[in-house]
Amino acid sequence: MSDQSSKPVVPKRIQAVQMNGIVKRFPGVLAVDHVDFELNSGEVHALLGENGAGKSTLMKILYGLYNLDDGEIVINGNPTSMRSPNHAIQAGIGMIHQHFMLVPSLTVAENIALGMRSSRGMLLDLDVVSARIRELSELYGLEVQPEAPIWQLAVGEQQRVEILRALYREASLLILDEPTAVLTPQEVDDLFRILGQMRDDGHSLVFISHKLHEVLAISNRITVLRDGRLVDTIPADTATKQLLAQMMVGREVVMRYEHAARESGESRLKLDSVSALSNRGDLGLRQVTLDVRAGEIVGVAGVSGNGQHELAQVIAGLRPSAEGKVWLEGQDVTSSSPAKLNTLGLSHIPEERMLDGIVKDFSVAENLVLQDFARKPYAWGMFLRFGMIARKCKQYIREYEIKTPSHETPTKSLSGGNIQKLVLARELSRQPRVLIAAQPTRGVDIGATEYIHHRLLEARDSGTAILLISEDLDEILALADRIVVMYEGQIVGEVSREDADVGTLGLMMAGATVAKAPNISENVIK
Amino acid sequence: MLSDILTASVIASAIRLATPYIFAGMGETFGQRSGVLNLGVDGIMLLGAFAAYYAVLETGSLLFGVMAALATGMLMGLVMAFVSVTLQAEQGISGIGLYLFGLGLSDMLYQRLVGTPVHVDGFPRVDIPVLTDLPVLGEIFFNHNFLVYVAFASVPLSAFVLTRTTFGLKIRAVGQNPEAADAMGVNVARIRYFTVIIGGAFSGIAGASLSIALVNFFQGNLTAGKGFIAVALVYFGAWRPYWVMAGTLLFSTVDALQLQIKTLENALNLDIPNELAVMAPYVVTLVALIFASKGVEKPTALTKPFERGE
């Protein structure tokens, strides 16, 4: 490529960044505790840690979204203060947030022009912006239509817009906060290719993640944080999954589960071409037929927003079905109320645990008896039996390893992992016939994830029919007996545990209909 | 028969009556597009109306009248911006507070400084050579006071600013996703201050278009809730200047018709109770509002204060 056509990606502005002794306090929490971090031009530096370890906070300080309480940021040898994103942008820093920073009603070009100086003064120069976008997208193989409004784009495309915007702004340092969480495996490969190209062009990249294999695949150096503190920074080629997991959690982690093959029993939950509207008013769930048997875990894989949310809600009675029937142990429960489903033995671990799983301001005990407080043994007529509730709750807290000062602690002060254990305790202690587990370990630390997985497998072994909905393919592969893949509200394929591999599943998640045979290339219909 | 009802004079009167709504509606569109709901429009209109009226009464200068209305409106806008953006107060409540303040203050100032109803010489009708003399069209479009033309000119201007300028892009972004705008280096608070103060200036001139152009006097609660109708018209117009204008014309046409209820009754051979006729424009607005499209332009951050950091 000639010098003119491959022009300005100007990666020269930032050669080296040092963050020394960074401290950030939030009310009641020391989020970042004297952390050192260093980044050089032409490297991918991964920031690894569990949720709440301080990775995002540290990078938001670098991007000027948070002001630091102590420590200093040194760029190219000069101490620099980052009081607002504007300072960071001026210095050549870009950040791709976990929740994309795009305005849905605006077009790609408008989003990229936002906050930039226009070549026509006060008037917008969208044609100039669009032309440059096309140049950059060609240079990096990032396909995007400058005129398309954001709300029409899929998540993967929106991420491309974010990357293009950083390139457009000639950011020489790019921070990516959990960029792979919303992508299919193929899209992840694509992203890594682009990041590799950017690194070779001399960009510096910070890759925030908690997925070990991704961190190992892309980075030059890895910094591990735990509880806001720096554990260590090591070169990627000396790291192993096992070592990194240990650094993250602070103890040895066994990420392998006993998954004994097991005869599944009678059909417990049956869906017969069920459709439902999404919040946007279109058919979010289309003609889904599904059968979950006693003693098996059926995993529902798919990229976020492809109908999984609607599926869980329809079964749990939280969303009316537009057509089709839902059967629970032979009984027609289509559009039954959650209360009725409850008494019939359906349990639901909801996706949004803070909204649908618990009442934030209630105590741990109140949340634990949220369904059954009006029944024996917790109630005596119209009166609550606080002694009994306390006794039962203490038992659950012990049994499910919920870390809480007491059963009277407000639930919102617990960590995500412990809140999820609380929900799990409530739902599993009822010994449900059918369990819907939607994203059971999202935002949960490794330790709690491991625990929740074991509990789910235990429930399966004791005969519960489990529908596991997850965007984490590793989780599905570890737990499920059968895997169905959802795409645009439909089930586009089903594979058994033995036949499942990431490549095939990834293709299905991207919308390709794949026949059940193992050879992908010959069976791709669309 | 339609020509009996929608006569040239009714249409001309509808256009004139639309003036304060269009001014106030354009101003409110700016504020809402950036995420600030200002329910105090009517109060600002009242103060603007009084300021313009009093300035003209004292100095006889229409220019001073307009400037007094603009300055008053911008000052009130600044107050609203300070309360809702800097102090992050609940917007609905602070807007109502602002309305009550404007209602009370304008009446008190009028009682203290003027007291008895006096007419002022407001904006005269502008005679445009040739055009005004056109049959029918001349009466409908070219027989109005100066502020009517300014109001209608402000519609394409507002649309242009919102869709074609960097300032307009920032306004739209701030109203839909302030976090994103902030992350892109846009100063969210500054943009909202600008739009609310612009909205105040529009509201002030909306008041002036009543007191020194349409009716040429002042009295307590002169606006009679026109500012609230303007807020409703902004929703009805789905935050787009041209649609807001269309909604306003629908409303003001029904309003102009009910003013000529007697003629109407004769034309249609009907006996319509006066109370029903007076209600008509509001009922039409209410019904239209129910069916108004929500659209993708809706500023999703409307009424939500912005603070950096989760």
Side-chain angles (χ1 to χ4, degrees), chain A residues 24 26 31 56-57 60-61 63-67 83-91 93-107 109-126 129 149-152 158 161-162 165-166 168-169 175 177 280-281, chain B residues 29-30 32-35 156-192 194-195 198 235 237-241 243 291 293-302 304 306-310:
Chain A
K24 177 69 191 172
F26 290 121
S56 294
T57 309
K60 282 180 176 170
I61 290 170
Y63 192 62
L65 281 166
Y66 294 146
N67 293 321
R83 282 189 309 277
S84 79
N86 232 338
H87 288 91
I89 293 165
Q90 298 301 328
I93 300 174
M95 180 161 182
I96 295 179
H97 299 260
Q98 218 169 339
H99 306 284
F100 294 151
M101 291 294 184
L102 296 167
V103 185
S105 71
L106 302 184
T107 65
E110 283 176 323
N111 267 287
I112 289 179
L114 179 63
M116 297 287 291
R117 199 174 287 281
S118 162
S119 63
R120 296 200 190 105
M122 286 172 63
L123 299 185
L124 284 171
D125 55 348
L126 293 177
V129 176
I150 297 297
W151 62 270
Q152 289 182 350
Q158 296 190 13
V161 177
E162 289 266 13
R165 177 157 68 185
Y168 186 96
R169 290 182 167 228
I175 304 159
D177 193 354
R280 273 169 304 176
Chain B
T29 302
F30 276 102
Q32 290 201 14
R33 266 301 180 82
S34 76
L157 186 69
S158 301
F160 182 82
V161 169
L162 280 173
T163 55
R164 298 291 169 81
T165 66
T166 52
F167 179 54
L169 181 62
K170 287 177 189 167
I171 293 175
R172 287 183 285 150
V174 163
Q176 268 226 331
N177 191 345
E179 289 78 20
D182 181 53
M184 289 306 110
V186 176
N187 188 330
V188 175
R190 187 193 295 170
I191 294 293
R192 288 186 170 170
F194 272 136
T195 58
I198 289 172
Y235 274 84
W239 302 274
R240 296 172 190 186
W243 293 22
F291 293 106
S293 84
K294 297 293 169 279
V296 289
E297 305 274 343
K298 183 180 166 69
T300 39
L302 189 59
K304 293 186 191 117
F306 171 72
E307 196 170 17
R308 188 179 289 162
E310 291 95 286

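Chain letters run A, B, ... following the sequence lines, proteins first and then strands; every chain starts at 1. The figures here come from the full heavy-atom set of this structure, side chains too, leaving out hydrogens, waters and symmetry mates.
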Participant: At their closest point, which heavy atom of B:Ser158 faces which heavy atom of B:Phe30, and how far apart are they?
Facilitator: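 Residues B:Ser158 and B:Phe30, closest heavy atoms: OG-CE1, 3.6 Å.
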
Participant: For A:His87, is it the side chain, the backbone, both, or neither that has a heavy atom closer than 4.5 Å to a heavy atom of chain B?
Facilitator: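 Contact with chain B: none, neither part.
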
Participant: Looking at every heavy atom in both B:Val188 and B:Pro178, which two are closest together, and how far apart are they?
Facilitator: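 Nearest pair, atom of B:Val188 first, then B:Pro178: CG2-O, 3.6 Å.
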
Participant: Under 4.5 Å from any heavy atom of chain B, what part of A:Arg169 do you find: side chain, backbone, both or neither?
Facilitator: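 Only the side chain of A:Arg169 comes within 4.5 Å of chain B.
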
Participant: What's the shortest heavy-atom distance between A:Leu114 and B:Ala181, and which atoms?
Facilitator: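 The pair with the smallest heavy-atom distance is CD2-CA, 4.0 Å.
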
Participant: What part of A:Phe100 lies closer than 4.5 angstrom to a heavy atom of chain B: side chain, backbone, both or neither?
Facilitator: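 It is the backbone, since no side chain atom gets that close.
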
Participant: Just by distance, do the side chain of A:Glu162 and the backbone of A:Met101 share a donor-acceptor pair under 3.5 Å?
Facilitator: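 Yes, because the side chain of A:Glu162 sits within donor-acceptor range (under 3.5 Å) of the backbone of A:Met101.
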
Participant: Considering only heavy atoms, which portion of A:Pro149 lies under 4.5 Å from any heavy atom of chain B: side chain, backbone, both, or neither?
Facilitator: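 Interface part for A:Pro149: neither.
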
Participant: Which bit of A:Ala88 is near chain B, if near means a heavy-atom gap under 4.5 Å: side chain, backbone, both or neither?
Facilitator: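 For A:Ala88, neither part sits under 4.5 Å from chain B.
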
Participant: Grab the two heavy atoms, one from B:Ala183 and one from A:Pro85, that are nearest each other, plus how far apart they are.
Facilitator: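 Smallest interatomic distance, heavy atoms only, reads O-CB, 3.8 Å.
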
Participant: Is there a side-chain contact between B:Asn177 and B:Thr300 in this structure, where contact means two heavy atoms from C-beta onward sitting under 4.5 Å apart?
Facilitator: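 When only atoms from C-beta onward are counted, B:Thr300 and B:Asn177 do not touch, as no gap falls below 4.5 Å.
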
Participant: Between B:Ala180, B:Gly175, B:Gly168, which residue shows the highest count of heavy-atom pairs closer than 4.5 Å to chain A?
Facilitator: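 Most heavy-atom pairs under 4.5 Å with chain A: B:Ala180.
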
Participant: Roughly how far, to the nearest 0.5 Å, is CZ of A:Arg120 from OG1 of B:Thr165?
Facilitator: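 Interatomic distance, B:Thr165 OG1 to A:Arg120 CZ, rounded to 0.5 Å: 13.0 Å.
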
Participant: Side chain, backbone, both or neither: which part of A:Leu102 has an atom under 4.5 Å from a heavy atom of chain B?
Facilitator: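 For A:Leu102, the contact with chain B is made by the backbone alone.
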
Participant: Out of B:Asn187, B:Val161, B:Val186, B:Leu169, which one racks up the most heavy-atom pairs below 4.5 Å with chain A?
Facilitator: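 Most pairs with chain A among the choices: B:Leu169.
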
Participant: Give, as side chain, backbone, both or neither, the part of B:Thr163 having an atom under 4.5 angstrom from any heavy atom of chain A.
Facilitator: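 Answer is backbone: N, CA, C or O of B:Thr163 sit under 4.5 Å from chain A.
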
